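Take a look at the structure set out below.
Just so we're clear, the structure is a prediction, and the values are computed from it rather than from any experiment. Computation of the quantities below employed the complete heavy-atom set of this structure, encompassing side-chain atoms and omitting hydrogens, waters and symmetry-equivalent molecules. Just follow the structure's listing: the first ligand is 1, and inside any ligand the first atom is 1.
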Amino acid sequence: MKGQTILVTGATAGIGRHAALTFAARGHRVIASGRNKAALTTLHAQSPQIDVVQLDVADAASLAEAVLEVDRLTDGRGVDVLVNNAGYGLVGPLMEISDQKLREQFDVNVFGLMSVTRAFVPKMMQRRKGRVLNVTSVSGRISLPIFGAYHASKWAVETMSDSLRMELRPFGVQVVVIEPGTIRTDFAERSRREAGATPGQHSPYAPVYARIDAAAEKLMAQAVGPEVISRAMLRAIEARRPHARYTAPFHAKVGMYLVKAMPTWLTDAVMSRMTGLSRVR
Ligand SMILES: NC(=O)c1ccc[n+]([C@@H]2O[C@H](COP(=O)([O-])OP(=O)(O)OC[C@H]3O[C@@H](n4cnc5c(N)ncnc54)[C@H](OP(=O)(O)O)[C@@H]3O)[C@@H](O)[C@H]2O)c1
């Protein structure tokens, strides 16, 4: 499984950027995509063997152009591996999130991911060989309050990946889920920019925001770097028979299974206390 042609979405920053550099250093041919042209140019300058293509996963016109560009770069062959990594996290209590914001979250994390998949997988199906890596999150297996929109989008990708894995197997295309725990990137800050203003001080949830911001900062400071995810992705790309899921780092996997093993009343109580929700009136 060496020398694969790999398309990465959301490769202008964080996990996607690190993965693109790691795959290229390993000898794979990488096509890094993203919205931010300047960031793509910088990536190409840092690693000239990486090709870059502009792609906003939530924009049909941008996707159509990217498909043509990838066809040009691969002489019409397409890619061997698609890494669906682009995404952001909408934060807020579900009662205060507008339909529009919720739709935007799903447009990128769910519909965008599926549009990109439908655009690049048919050539893998024709060749009877290929791999799709869908980046979800530990947040796609367990749920915290205040992150409901993000959790829902990642749970959606988890369950669609399960169906897709079975649907594409007859065509030789393997579908793998990558589930990061907390990884040190600009995810929180970028997500805040992407999602826009949070509810004001008159919201009954206002104190929870402050607490969550502080907790997020603390978590990020203790988090591991994106290399653990690049390594998990490489295993998923190069294994002869990849697992259905790769959860990393290991302590995130342990934490996730512990939470899943707890009764709902207990997880509700612990998470409400952790987020300060138990004091909201
Ligand atoms: N960091 C974590 O703790 C963590 C944990 C679990 C899962 N994840 C998942 O891992 C993936 C990468 O996250 P990260 O931590 O690397 O975050 P990040 O540093 O914020 O990077 C996110 C990437 O997605 C791109 N993106 C956002 N919307 C896009 C769109 N509409 N079209 C194309 N690209 C878009 C961003 O590009 P722009 O530069 O154009 O904004 C950026 O390159 C996400 O799916 C995230 O949900 C992250």
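A salt bridge links Glu238 with Arg26: the closest approach of a Lys/Arg side-chain nitrogen to an acidic carboxylate oxygen falls below 4.0 angstrom. Checked for salt-bridge contact, Lys123 and Asp71 meet the test: a charged N lies under 4.0 Å from a carboxylate O.
A side-chain donor from one of Glu158 and Thr136 sits under 3.5 Å from a side-chain acceptor of the other. Of the N and O atoms on the side chains of Glu96 and Ser203, at least one donor lies less than 3.5 Å from an acceptor on the other residue. Counting only N and O atoms by type, the side chains of Gln49 and Ser47 include a donor and acceptor under 3.5 Å apart.
For Tyr150 and Phe106, the distance between ring centers is not under 6.0 angstrom.
Taking atom 31 (N) of ligand 1 as the reference point, the nearest protein heavy-atom neighbour is Asp56 OD1, 2.9 Å. When hydrogens are left out, the protein atom nearest atom 32 (N) of ligand 1 is Val57 N, 3.0 Å; that is the closest non-hydrogen contact. Of the protein's heavy atoms, Phe187 CD1, 3.9 Å lies nearest to atom 13 (O) of ligand 1. At the shortest separation from atom 7 (C) of ligand 1 among protein heavy atoms lies Thr136 O, 3.2 Å. Among protein heavy atoms, the minimum distance from atom 22 (C) of ligand 1 is reached at Gly87 O, 3.7 Å. When only non-hydrogen protein atoms are considered, atom 14 (P) of ligand 1 lies nearest to Thr185 OG1, 3.6 Å. Of all protein heavy atoms, the one closest to atom 42 (C) of ligand 1 is Thr12 OG1, 3.6 Å. When hydrogens are left out, the protein atom nearest atom 12 (C) of ligand 1 is Asn85 OD1, 3.2 Å; that is the closest non-hydrogen contact.
The heavy atom nearest to atom 5 (C) of ligand 1, considering only Pro226, Gly34, Gly181, Ala248, is found in Gly181. Looking at Glu189, Lys37, Arg190, Arg35, it is Arg190 that brings a heavy atom closest to atom 20 (O) of ligand 1. Residue nearest to atom 34 (N) of ligand 1, selected from Ala86, Ser62, Ala223: Ala86 (by heavy-atom distance).
Every atom of ligand 1 is numbered from 1 in the order shown, and the set under 4.0 Å from a heavy atom of Gly14 is 16 (O), 19 (O). Of all atoms in ligand 1, numbered sequentially from 1 with element shown, those under 4.0 Å from a heavy atom of Leu55 are 32 (N), 33 (C). Per-residue contacts place Tyr150 under 4.0 angstrom from the following atoms of ligand 1 (heavy atoms of the residue considered): 6 (C), 7 (C), 8 (N), 9 (C), 46 (C), 47 (O). Close approach of ligand 1 to Val135 is summarised as follows: ligand atoms under 4.0 Å from at least one heavy atom of the residue are 9 (C), 10 (O), 11 (C). Listed by number with element, the atoms of ligand 1 under 4.0 Å from a non-hydrogen atom of Val108 are 28 (N), 31 (N). For ligand 1, the atoms sitting less than 4.0 Å from at least one non-hydrogen atom of Thr182 are 3 (O), numbered in the order shown with element in parentheses.
In this structure, the side chain of Trp155 does not engage the main chain of Ser143 through any donor-acceptor pair within 3.5 Å. Remark: the backbone N or O of Gly10 is paired with a side-chain donor or acceptor of Asn85 at under 3.5 angstrom.
The OG1 atom of Thr185 sits 4.5 Å away from the CE atom of Met220 when rounded to the nearest 0.5 Å.
Crowding of Glu217 atom CD: a count of heavy atoms from other residues, nucleotides or ligands under 6.0 Å not exceeding 12. With a 6.0 Å radius and a threshold of 12 heavy atoms from other residues, nucleotides or ligands, Lys260 has its NZ atom above the threshold. By the neighbour-count criterion of 12 heavy atoms within 6.0 Å, atom CZ of Arg279 is sparsely surrounded, having that number or fewer from other residues, nucleotides or ligands.
Ring geometry for Phe147 versus His151: interplanar angle over 60°, hence perpendicular rather than tilted (30 to 60°).
On a distance-only criterion, Ile183 and ligand 1 share at least one N/O pair closer than 3.5 Å. Taking any N or O of Ile15, backbone or side chain, at least one lies under 3.5 Å from an N or O belonging to ligand 1. For Gly10, a nitrogen or oxygen atom sits less than 3.5 Å from a nitrogen or oxygen atom of ligand 1, counting backbone and side chain alike.
No part of Arg17 comes within 4.0 Å of ligand 1, judged by heavy-atom distances.
For the ligand labelled ligand 1, residue Lys154 lies inside the 4.0 Å heavy-atom shell.
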